[in-house]
Each structure stands twice: as C-alpha cells, then as structure tokens.
Amino acid sequence: ETGVTQTPRHLVMGMTNKKSLKCEQHLGHNAMYWYKQSAKKPLELMFVYNFKEQTENNSVPSRFSPECPNSSHLFLHLHTLQPEDSALYLCASSQEGLAGDEQFFGPGTRLTVL
Amino acid sequence: GENVEQHPSTLSVQEGDSAVIKCTYSDSASNYFPWYKQELGKRPQLIIDIRSNVGEKKDQRIAVTLNKTAKHFSLHITETQPEDSAVYFCAAGDQAGTALIFGKGTTLSVSS
C-alpha cells in the first residue's frame, strides 16, 4: 500500500498492558504527526516530528510515548492507558512540518482500552 | 492559543441542494484554512484550502470564503450528491507554524 499506512488497524488492550502503534509513510515526507480522534471532539494534535525531531508535544500525558527513528516511521508506545483513551489514533505526514502543508492521513488505529 | 468553532454539527440536505458549513477562529495570526473530508470508515483527505491573501477560492462544486476581519471562513458545496455525505473538518493555523487546530466536524448527509 502506498501513502501512509498504520498497524494494527484495531487494538484492544487492558489498562496494565503495553502496546505500540506503528505508522509508515511512503511519500518521502519529512514530517509526521499523531492525532487522536474521539467522537464529537475535534481532531486533537498529539505530537509533531520534523526531520525526526519532536517539534510539538500538545500536553499529552506521559502514558503516550512517541518514537521517530527516521523520517518514514513513527511509533506511539502505550502504557497504563485509561478507558477514556479509547479513540481512533491517526497518523499523518507532510512535506515539511509546517501547518501550511497538506497533511496525508493514514487509515487510523481504532484503540479500545478495557 | 487558537480555538476553532464549527457549525452546524450535523447537516441534512436533499440531493441538488447547497450546503454551507461555517467556522470561526480566534487567533488573528492564523493565515491558512484547510478543509478535510472524512468518509465513513476512511481517512481524512484535504478537499480545498485557502490562505489569507485571498477571500474566496473555488474548485468545481466546492468553494471556500474567508473573512479575516470577522475571523470566519465557510465551505460551500453546490449541487450536492450522495457521495458528498461525510464528515467535514475545518482547520486553522499559521502556515509557517507546526500545528493545525481542527474544528469538531460537521456530519453532512445528502439524501437522494
């Protein structure tokens, strides 16, 4: 699949579990993003990485830990989550880490925390 | 920081009618206003955007207008079709900055 891919597509985890979400972009972009999408809420920006460096951390709890080993891959490590963290987690990429660039979204990971 | 309000939250129209979705923003430094469409079960995709040096932009049946003085911008869809049914998100940001702030979304339903 071209564009932005995310795995897994669905994840169910308990509050004591540790899991990771993976995002990969095949567009040659330099910036990658994590968003949280909950019902009836705006898309919430969580993290921005530009050339592998984190440029934005939108007051996200430490139970979410991002990792960007290179410009094509982005991970979100999850640890001791709460039920209210259940949401669709979307990854996106853009050419540069600028708000004026078009962002290309992945299909998302539907996370359920029991 | 920036705050984006989007109205209405749901909109139902008949096929062929026009649909208008409105957004307001708070930060006068914002100069980039994209609109994303998210079909059911699919990823958001950019459909049109406008930058603060223009007041209106049109692409076939879709148009966006911007009023910087009043800090609001709107999406206009004419001759709606069932495939226009989706959730539409507006966003605002400083195009030289790193963060886009999104509205809550509008669920548009077009019935035939």
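Just so it is clear, the model here is predicted, and its values are computed rather than measured. Worth knowing before you read on, the calculation uses all heavy atoms, side chains too, and leaves out hydrogens, waters and symmetry mates. Throughout, protein chains are lettered first and strands after them, A, B, ... in sequence-line order, and every chain is numbered starting at 1.
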- Query: Out of curiosity, does B:L66 fall in the hydrophobic cluster containing B:L46 (side-chain heavy atoms, cut-off under 4.5 Å, transitive links)?
  - Reply: no
- Query: Is the number of heavy atoms from other residues, nucleotides or ligands under 6.0 Å of B:E79 CD greater than 12?
  - Reply: no
- Query: Is it the backbone or the side chain of B:Y36 that comes under 4.5 Å from a heavy atom of chain A, or both, or neither?
  - Reply: side chain
- Are B:V87 and B:I47 linked, directly or through other ILVMFWY residues, by side chains that come within less than 4.5 angstrom of each other? no
- Query: Are A:L98 and A:V48 connected, step by step, through hydrophobic side chains (Ile, Leu, Val, Met, Phe, Trp, Tyr) whose heavy atoms are closer than 4.5 Å?
  - Reply: no
- Region of A:E56 in contact with chain B, defined by heavy-atom distances below 4.5 Å: side chain
- Residue A:E84 excluded, over 12 heavy atoms near CD under 6.0 Å: yes
- Query: Nearest 0.5 Å, what's the OG-CG distance between A:S94 and B:L100?
  - Reply: 9.0 Å
- Mind listing the closest non-hydrogen atom pair of B:R43 and A:G106 along with its distance? CB-O, 3.2 Å
- Determine the option with the most heavy-atom pairs under 4.5 angstrom with chain A, choosing from B:Q6, B:Q38, B:K42, B:Q45. B:Q38
- Message: Quick check on the hydrophobic clustering: are A:Y35 and A:V60 connected, directly or via other members, by side-chain heavy-atom contacts under 4.5 Å?
- Response: no
- Select one option (side chain, backbone, both, neither) describing which atoms of A:E44 are under 4.5 Å from chain B's heavy atoms. neither
- Note on the structure: Cut-off 4.5 Å, heavy atoms of chain A, and the answer for B:F102 is both
- For B:L40, does the CG atom sit with more than 12 other heavy atoms under 6.0 Å from it, leaving out its own atoms? no
- One option among B:G97, B:S30, B:G41, B:G1 has the most heavy-atom pairs under 4.5 Å with chain A, and it is B:G97
- Task: Search all heavy atoms of A:A99 against all heavy atoms of B:A99 and return the closest pair with its distance.
- Result: CB-O, 3.6 Å
- Item | Segment of B:A96 engaging chain A (4.5 angstrom heavy-atom cut-off) | backbone
- Determine whether A:L27 and A:W34 fall in the same hydrophobic cluster, where Ile, Leu, Val, Met, Phe, Trp and Tyr are linked whenever their side-chain heavy atoms lie under 4.5 Å apart. no
- Task: Let me know if B:P34 has heavy atoms under 4.5 Å from chain A in its side chain, its backbone, both or neither.
- Result: neither
- Query: Does some side-chain heavy atom of B:P44 sit less than 4.5 Å from a side-chain heavy atom of A:L90?
  - Reply: yes
- Looking at CG of A:L45 and CD1 of B:I101, how far apart are the two atoms once the value is rounded to the nearest 0.5 Å? 6.5 Å
- Donor-acceptor under 3.5 Å (B:R51 side chain, A:G100 main chain): yes
- Query: Counting only heavy atoms not in B:K68, do more than 12 fall under 6.0 Å of its NZ?
  - Reply: yes
- Task: Name the region of A:F104, side chain, backbone, both or neither, that has any atom closer than 4.5 Å to a heavy atom of chain B.
- Result: neither
- Query: Rounded to the nearest 0.5 Å, how far does CG of A:D101 lie from CD of B:Q95?
  - Reply: 9.0 Å
